[in-house]
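Some notes on the structure that comes next.
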Amino acid sequence: QLQLVESGGGLVQPGGSLRLSCAVSGFTLDYYAIGWFRQAPGKEREGVSCISSSGSNTNYEDSVKGRFTISRDNAKNTVYLQMNSLKPEDTAVYYCAAGIKGCSNYVSYFGSWGQGTQVTVSS
């Protein structure tokens, strides 16, 4: 069974940092690209970042460039999202998802999803 489990969310002050983890099981991580998405109440799910199966290609949504960093450790079957200089606008439920090889910022491209972890940025 394909499973992805997010962790690391929480409450942080503006300007603070969090590191999210996406632990995967039921498949070999090195065959899949992993995307991070987020969804705020009343809004559509949007792509945040993605890393290719090899780790050689990464992309970021414009609003998080320079602040967020995606990485993967295939040996540990884990993908990370380091989030620095957090803003209130980053508040959302963050999801990781698996797709075949290449990266995409489209929800429909990804076939397997985690349950999400809440990130709240507030003073």
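Along the sequence shown, the residues carry numbers beginning at 1.
Of all heavy-atom pairs between Gly99 and Tyr109, the closest is CA-CE2, 4.0 Å. Scanning both residues, Gly8 and Thr117, for their nearest heavy atoms gives N-OG1, 4.2 Å.
Using a 4.5 Å heavy-atom cutoff, the side chains of Pro14 and Pro88 are in contact. Two residues are said to be in side-chain contact when any heavy atoms from C-beta on lie closer than 4.5 Å; Leu86 and Leu18 meet this criterion.
For Leu11, the CG atom sits in a packed shell: over 12 heavy atoms of surrounding residues, nucleotides or ligands are nearer than 6.0 Å.
Considering only residues two or more places apart in sequence or on other chains, Glu46 meets the salt bridge (Lys or Arg N to Asp or Glu O under 4.0 Å) condition with Arg38. Applying the side chain to side chain contact (heavy atoms under 4.5 Å, CB included) criterion to Lys43, with sequence neighbours excluded, gives Ala40. Applying the side chain to side chain contact (heavy atoms under 4.5 Å, CB included) criterion to Thr91, with sequence neighbours excluded, gives Gln118, Thr120, Val121. With sequence neighbours left out, the side chain to side chain contact (heavy atoms under 4.5 Å, CB included) criterion links Ser56 to Ser52, Ser54. Partners of Gln82 under the side-chain hydrogen bond (donor to acceptor under 3.5 Å, both in side chains) rule, at least two apart in sequence or in another chain, are Asn84. Take Gln39 and apply the side-chain hydrogen bond (donor to acceptor under 3.5 Å, both in side chains) test, not counting sequence neighbours, and it matches Arg45. With sequence neighbours left out, the side chain to side chain contact (heavy atoms under 4.5 Å, CB included) criterion links Ala33 to Cys50, Cys103. The ring-ring contact (aromatic ring centres under 6.0 Å, His included) search around Phe110 returns Phe37, not counting sequence neighbours.
Here CD of Gln13 is found 7.0 Å from OG of Ser123. Values are rounded to the nearest 0.5 Å. The structure places OH of Tyr94 at 15.0 Å from OG of Ser7, a figure rounded to the nearest 0.5 Å.
When each of Thr69, Asn57, Val79 is paired with Ile51, the side-chain contact (heavy atoms from CB on, under 4.5 Å) condition holds for Val79 and for no other.
Hydrophobic clustering (side-chain heavy atoms under 4.5 Å, transitive across Ile, Leu, Val, Met, Phe, Trp, Tyr) groups Ile34 together with Leu81. Both Val64 and Val12 belong to a single network of hydrophobic side chains, linked directly or stepwise wherever heavy atoms of I, L, V, M, F, W or Y lie under 4.5 Å apart. Residues Val5 and Met83 are members of separate hydrophobic clusters, defined by side-chain heavy-atom contacts under 4.5 angstrom among Ile, Leu, Val, Met, Phe, Trp and Tyr. With hydrophobic clusters built from ILVMFWY side chains whose heavy atoms lie under 4.5 angstrom apart, Leu20 shares a cluster with Val48. Under the 4.5 Å side-chain heavy-atom criterion for grouping Ile, Leu, Val, Met, Phe, Trp and Tyr, Tyr95 is not connected to Ile70 through any hydrophobic cluster.
A donor-acceptor pair under 3.5 Å links the side-chain atoms of Thr78 to the main chain of Lys76, judged by distance alone. Between the Ser53 side chain and the Tyr32 main chain, no donor and acceptor come within less than 3.5 Å of each other.
Within the structure, the salt bridge (Lys or Arg N to Asp or Glu O under 4.0 Å) test picks out the following pairs touching residues 57-69 (sequence neighbours left out): Asp62-Lys65, Arg67-Asp90. Pairs of residues two or more places apart, or lying in two chains, never qualify as salt bridge (Lys or Arg N to Asp or Glu O under 4.0 Å) while including a residue from residues 9-24. The ring pair (Phe, Tyr, Trp, His ring centres under 6.0 Å) contacts involving residues 58-83 comprise nothing, where partners must be two or more places apart or lie in separate chains.
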